[in-house]
4 protein chains.
Amino acid sequence: MPATQDPIREQLVAARRNQILDAAAKVFAEKGFHRATTKEIAQVAGVSEGTIYNYFANKGDLVIGIITRLAKFDQLDSEFAQAFQSDARGLLTAIFRDRTGRIEQNMEMVRAVLPEILISPELRERFYQQFVLPIAEFIEKNVQARVEMGYLEAANVPLTVRAVQGMFVGLLILRVLGDKPLQAGWDDMPEVVMALIFDGLRPRDGE
Amino acid sequence: MPATQDPIREQLVAARRNQILDAAAKVFAEKGFHRATTKEIAQVAGVSEGTIYNYFANKGDLVIGIITRLAKFDQLDSEFAQAFQSDARGLLTAIFRDRTGRIEQNMEMVRAVLPEILISPELRERFYQQFVLPIAEFIEKNVQARVEMGYLEAANVPLTVRAVQGMFVGLLILRVLGDKPLQAGWDDMPEVVMALIFDGLRPRDGE
Amino acid sequence: MPATQDPIREQLVAARRNQILDAAAKVFAEKGFHRATTKEIAQVAGVSEGTIYNYFANKGDLVIGIITRLAKFDQLDSEFAQAFQSDARGLLTAIFRDRTGRIEQNMEMVRAVLPEILISPELRERFYQQFVLPIAEFIEKNVQARVEMGYLEAANVPLTVRAVQGMFVGLLILRVLGDKPLQAGWDDMPEVVMALIFDGLRPRDGE
Amino acid sequence: MPATQDPIREQLVAARRNQILDAAAKVFAEKGFHRATTKEIAQVAGVSEGTIYNYFANKGDLVIGIITRLAKFDQLDSEFAQAFQSDARGLLTAIFRDRTGRIEQNMEMVRAVLPEILISPELRERFYQQFVLPIAEFIEKNVQARVEMGYLEAANVPLTVRAVQGMFVGLLILRVLGDKPLQAGWDDMPEVVMALIFDGLRPRDGE
DNA sequence: AATGAATGAGTCTTCATTCAT
DNA sequence: CATGAATGAAGACTCATTCAT
């Protein structure tokens with residue numbers, strides 16, 4: 001891992017790192033972590049195998065690099081801040097669309113890397129801290145505020161938020177597993193999900 | 001893969017297969033599929049490596065064997081039939097407790113084997129058909145009936161059911177990822193989940 | 001290898017040995033020695049793997065057994081004795097037809113077992129002593145007699161006989177290698193060969 | 001299998017390939033194909049096992065490589081072209097000495113590799129096309145020409161040529177099998193063979 | 001005498017990693 | 001910094017042989 005002060009060199013280094021990570025992500029997505037070979041990653045990246053090891057200590061660090069980089073792009077951005085102002089339903093719909101869209105783009109890669117994440121405590125923690133927890137806390141804060149304002153009702157906000165977040169996660173998993181109804185009706189899911197979350201299944205008498 | 005008509009021998013074969021699958025499940029759970037070696041599985045099973053191959057064609061078949069065996073224990077049993085009669089909330093709570101309890105017991109193994117499932121189309125299909133789809137359809141039928149009776153309200157039953165099922169799945173994933181609130185409050189989850197599903201977050205005026 | 005005095009038992013033993021050798025020959029012929037498994041030989045023979053080892057010390061002994069048994073069937077029989085009386089050309093034609101016919105029947109097996117024969121000095125010697133040398137000597141004696149009678153001309157009878165015998169062997173090899181002209185014209189070979197051997201290529205003036 | 005345009009690198013690659021093929025030939029010759037281990041080949045070649053697989057896809061390709069390389073050294077060279085001008089007897093003697101000399105040098109290896117050749121259709125075809133057929137056709141053309149000029153007599157030239165070629169092949173086999181007269185009188189074989197081929201065994205009256 | 005499940009040494013092959021150029 | 005040939009440890013899988021039943 002080259003270290004330098006020269007800003008130009010730094011940029012080159014960063015570019016080369018990204019070039020390698022892009023290739024790694026692609027190959028991991030296709031083959032899964034273990035079946036992906038450094039040779040193929042090098043080929044896809046257009047560099048030699050040796051070069052990879054000039055930028056990453058080992059194959060596992062590529063996964064860390066990918067996740068870390070994903071996180072950088074993945075800040076809860078201003079869009080959300082605005083959504084915060086809007087109604088809860090709009091907020092959640094925004095999050096749902098944003099998250100699932102984003103994750104879908106990286107779905108192949110997440111799927112390929114998930115094994116390593118699930119097995120390695122270090123990666124698990126890192127993944128959780130960077131991707132799961134921030135969203136949970138963001139939603140939590142938001143929902144809590146609305147509950148206090150009487151706009152929403154929830155006995156246990158943190159757990160309720162987990163249930164909602166879990167629903168998003170689970171729906172993605174079910175899609176990956178090839179569930180037909182889900183794949184066919186994916187565009188309708190936001191409405192279905194919001195109806196479920198906000199209105200519940202029990203009929204509302206006077207409405 | 002011995003095949004025989006002799007019932008005694010059949011039992012021996014089944015016992016040996018289970019002995020090996022137990023070991024495989026254990027080692028997979030610890031190491032993950034790829035890092036688990038046949039040598040270690042053999043050691044844990046107390047047999048030789050060769051013996052494994054007398055019962056399974058290859059390492060991958062151990063995964064299939066594990067999943068298949070899980071499925072056998074995992075029939076939607078009479079408990080559910082009764083639940084069918086009960087109220088919807090009771091039904092779902094029963095399913096939730098049953099499923100998550102069951103899966104938790106095999107959580108380590110699911111975690112270890114999930115990667116292979118996600119990557120291998122064959123395993124994915126098999127897993128989906130045996131574990132996901134039956135439950136989805138069971139719930140779907142049930143919910144549909146109640147909707148028609150006016151006890152529940154849902155615009156799109158199949159998708160709504162997926163959302164519910166996805167919530168279960170996702171909650172397990174979040175737990176595996178080490179979410180603290182979830183681990184701490186797991187016992188309260190059924191109530192939280194049911195409140196969310198049936199009542200929704202939006203306050204009900206007259207109640 | 002069971003040893004017994006009981007003649008009935010002896011017959012059973014011999015029968016079982018042959019049963020196994022037949023299977024071994026078949027499988028060796030298909031797969032070659034190394035790729036043939038004792039398991040498959042046992043299956044083809046309709047016995048268990050263990051039984052093979054009650055009759056033969058190891059896999060290699062099956063080859064020895066096959067060769068030895070071939071030799072038993074392969075005595076220069078009375079047919080030849082008669083041929084001895086006939087003219088030289090007729091004799092050789094008879095031998096050619098007989099040998100090549102016989103060998104062709106076992107060609108697959110010879111091909112499969114040849115590797116082992118060529119590599120193992122013991123098998124090589126055995127094969128040579130039982131199959132090659134007797135014929136060479138038989139022809140040698142015969143040709144020698146005719147040379148002395150002035151019917152044939154050959155400066156070095158033993159070597160000449162080897163050349164002739166070599167021709168037979170070589171033609172079989174070329175056939176096995178798939179030579180088209182040879183396969184197409186195989187039925188004409190005896191005449192071609194005899195013309196070559198007896199008349200040579202050089203034109204005979206006065207004829 | 002490195003591929004490159006750089007001529008220096010190409011030479012290195014060729015050298016390394018030869019180094020490995022030499023070792024493989026040696027070990028195959030000693031042990032036969034199946035009993036030869038990649039480990040021993042690597043040791044003899046002075047490289048690691050892994051390096052072998054940088055140059056050859058698998059063990060079988062070593063055999064192909066050996067055969068192919070033999071074929072390269074084995075072009076029908078100018079020597080033959082000259083022989084073509086000479087008398088038929090001289091031509092054949094030249095071929096005989098050349099071929100048998102050449103093959104003898106590689107005899108051990110041919111012996112080791114022959115099994116694989118006989119069993120593998122691919123290798124068989126390749127071997128036949130590269131070693132057997134060209135010679136057969138070369139001799140055929142030559143003999144045909146002489147027959148037409150009246151210098152030789154043969155009813156069926158292609159088959160007669162096969163008989164002659166077969167004789168060469170067969171004599172080598174008999175030698176490998178350890179035939180004593182052949183080993184003792186090998187130096188006299190060309191004359192014996194030529195006498196047989198050109199004059200035949202039948203006495204020529206007027207000579 | 002027959003069985004066939006168990007054995008485990010042995011092999012080919014892969015691939016992350018190193019390092020001389 | 002880049003290269004990519006060399007490395008060799010590691011692992012899945014095979015199969016001849018044994019032996020308890």
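So you know, we letter chains A, B, ... as the sequences are listed, proteins then strands, and number each from 1. Since the model is a prediction, treat every value here as computed from it, not as a measurement.
When rounded to the nearest whole Å, the span between NZ of B:Lys39 and P of F:dT14 equals 17 Å. Here E:dC12 presents its P atom at 11 Å from CG of D:Asn58, a figure rounded to the nearest Å. Atom CG of D:Asp61 is separated from atom P of E:dC12 by 14 Å (rounded to the nearest Å). Going from atom CG of B:Leu12 over to atom C1' of F:dT21 covers 12 Å, rounded to whole Å. Here the C1' atom of nucleotide E:dA2 and the CZ atom of C:Arg17 are 17 Å apart, to the nearest Å. If you measure from atom CD1 of B:Ile8 to atom C1' of F:dT21, you get 13 Å, rounded to the nearest angstrom. Distance D:Asn54 CG to E:dT13 P: 14 Å, rounded to the nearest Å. What separates CG of C:Leu62 from C1' of F:dC15 is a distance of 14 Å, to the nearest Å.
Under the side-chain hydrogen bond (donor to acceptor under 3.5 Å, both in side chains) criterion, B:Asn18 pairs with B:Arg69, not counting sequence neighbours. Qualifying side chain to side chain contact (heavy atoms under 4.5 Å, CB included) partners for D:Thr51, counting only residues two or more places apart in sequence or in other chains: D:Arg16, D:Ile20, D:Val47, D:Ser48, D:Tyr55. For A:Arg124, the side-chain hydrogen bond (donor to acceptor under 3.5 Å, both in side chains) test picks out no residue, with sequence neighbours left out. Partners of A:Gln43 according to the side-chain hydrogen bond (donor to acceptor under 3.5 Å, both in side chains) rule, which considers only residues two or more places apart in sequence or in another chain, do not exist here.
Here the closest non-hydrogen pair linking C:Ala23 and C:Val44 is CB-CG1, 3.6 Å.
The CZ atom of D:Arg17 sits 8.0 Å away from atom OG1 of D:Thr68, with the distance rounded to the nearest 0.5 Å. How far CD1 of C:Ile52 is from CG of C:Asn58: 11.5 Å, rounded to the nearest 0.5 Å. The distance from atom CG of B:Asp22 to atom CD of B:Gln19, rounded to the nearest 0.5 Å, is 8.0 Å.
Put simply, A:Lys59 has a side-chain N or O that comes within less than 4.0 Å of OP1 or OP2 on E:dA16. Contact check, A:Thr51 against F:dT3: a side-chain N or O comes under 4.0 Å of OP1 or OP2. For the OP1/OP2 pair of F:dC13 and a distance below 4.0 Å, the side-chain nitrogens and oxygens of B:Tyr53 include at least one atom meeting the criterion. For the OP1/OP2 pair of E:dA2 and a distance below 4.0 Å, the side-chain nitrogens and oxygens of C:Tyr55 include at least one atom meeting the criterion.
Residue pairs satisfying the salt bridge (charged side-chain N to carboxylate O under 4.0 Å, His left out) criterion with at least one member in residues 43-55 of chain C, sequence neighbours excluded, are absent.
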Practice item. For DNA chain E, just give me the dot-bracket, please: Watson-Crick or G-U, both distances below 3.5 Å, ( ) intra-strand, [ ] crossing earlier pairs, | paired with another strand, . unpaired. Key: .||||||||||||||||||||
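No side-chain donor-acceptor contact under 3.5 Å links D:Lys59 to the backbone of D:Thr37.
Within residues 26-38 of chain C, the residues approached by DNA chain F to less than 4.0 Å at the level of any non-hydrogen atom are C:Ala36, C:Thr37, C:Thr38, in residue-number order. Using a 4.0 Å cut-off on heavy atoms, the residues of residues 41-50 of chain D that approach DNA chain F are D:Val47, D:Ser48, D:Gly50, listed by number.
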Could you go through residues 26-34 of chain B and list every donor-acceptor pair under 3.5 Å that involves a side-chain atom there, pairing it with any protein atom two or more places apart or in another chain?
{"from": "B:Lys31", "atom 1": "NZ", "to": "B:Glu40", "atom 2": "OE1", "distance (Å)": "2.7"}
{"from": "B:Lys31", "atom 1": "NZ", "to": "B:Glu40", "atom 2": "OE2", "distance (Å)": "3.2"}
{"from": "B:His34", "atom 1": "NE2", "to": "B:Glu116", "atom 2": "OE2", "distance (Å)": "3.2"}

Check your understanding: Stepwise, does the side-chain contact (heavy atoms from CB on, under 4.5 Å) test hold for C:Ile67 with C:Ile117?
Key -> CA-CA 10 Å; C:Ile67 293 179; C:Ile117 292 173; 3.8 Å; yes
